[in-house]
Amino acid sequence: MKTMTCKQLGGACDKQFSANTFDEIASLSKKHGMEMFQKGDKAHLDAMNEMQKTMKSPDSMKTWMEDKRKEFDKLPVDK
């Protein structure tokens with residue numbers, strides 16, 4: 001398993017997510033984001049607004065996802 005934080009995935013906090021694949025960790029991050037959205041967490045809402053700007057361009061979003069996937073792939077396996 002590998003671990004990334006909410007901040008590493010474009011979020012606003014240091015909550016850690018651990019998963020075997022990037023897709024799994026992205027799903028955990030998305031779930032966390034939805035929980036923070038429902039709570040009205042300002043820091044996370046601000047991060048989501050920034051992410052929406054990236055999502056307006058399919059090329060920008062694709063590049064962002066590829067970069068995060070590469071970052072995940074480079075991480076050491078948790079001990």
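Legend: ring-ring contact (aromatic ring centres under 6.0 Å, His included) pairs involving residues 37-70, not counting sequence neighbours, sorted by first then second residue: His32-His44.
Salt bridge present: Glu71 and Lys68 bring a charged side-chain N and a carboxylate O closer than 4.0 Å. A salt bridge does not link Asp73 to Arg69: none of the charged side-chain nitrogens sits closer than 4.0 Å to a carboxylate oxygen. A salt bridge links Lys7 with Asp14; the closest basic N to acidic carboxylate O contact falls under 4.0 Å.
Note: Met1 CE to Asn20 CG = 5.0 Å, rounded to the nearest 0.5 Å. In this structure, the separation between CG on Asn49 and NZ on Lys42 is 8.5 Å, given to the nearest 0.5 Å. Atoms CZ and NZ, from Phe22 and Lys70 in turn, are 12.0 Å apart once rounded to the nearest 0.5 Å.
Of the possible donor and acceptor atoms, one in the side chain of Lys2 sits under 3.5 Å from a partner among the backbone N and O of Phe72. A donor-acceptor pair is defined here as one N or O able to donate and one able to accept, closer than 3.5 Å; no such pair exists between the side chain of Ser27 and the backbone of Asp23. Between the side chain of Gln8 and the backbone N or O of Thr5 there is at least one donor-acceptor pair closer than 3.5 Å.
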Evaluate the criterion side chain to side chain contact (heavy atoms under 4.5 Å, CB included) for residue pair Asp41 and Leu45; output intermediate values, then yes/no.
-> CA-CA 6 Å; Asp41 183 86; Leu45 292 174; 5.6 Å; no
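When all heavy atoms of Ser18 and Leu28 are compared, the pair lying nearest together is O-CD1, 3.5 Å. The shortest non-hydrogen separation linking Cys13 to Cys6 is O-CB, 3.2 Å. Of all non-hydrogen atoms in Gly10 and Ala47, the two that sit nearest each other are O-CB, 3.5 Å.
Applying the salt bridge (Lys or Arg N to Asp or Glu O under 4.0 Å) rule to Glu50 yields the partners Lys53; only residues at least two apart in sequence or on another chain are considered.
No side-chain N or O of Thr54 forms a donor-acceptor pair with one of Ser60 less than 3.5 Å apart.
The cluster map of Ile, Leu, Val, Met, Phe, Trp and Tyr, joined by side-chain heavy atoms under 4.5 Å apart, puts Met51 and Met65 in the same cluster. At a threshold of 4.5 Å between side-chain heavy atoms, the hydrophobic network of Ile, Leu, Val, Met, Phe, Trp and Tyr places Ile25 and Met48 in two separate groups. No continuous path of ILVMFWY side-chain contacts below 4.5 Å connects Met34 to Phe17, so the two sit in separate hydrophobic clusters.
The environment of Met55 atom CE is sparse: at most 12 non-hydrogen atoms of other residues, nucleotides or ligands sit within 6.0 angstrom.
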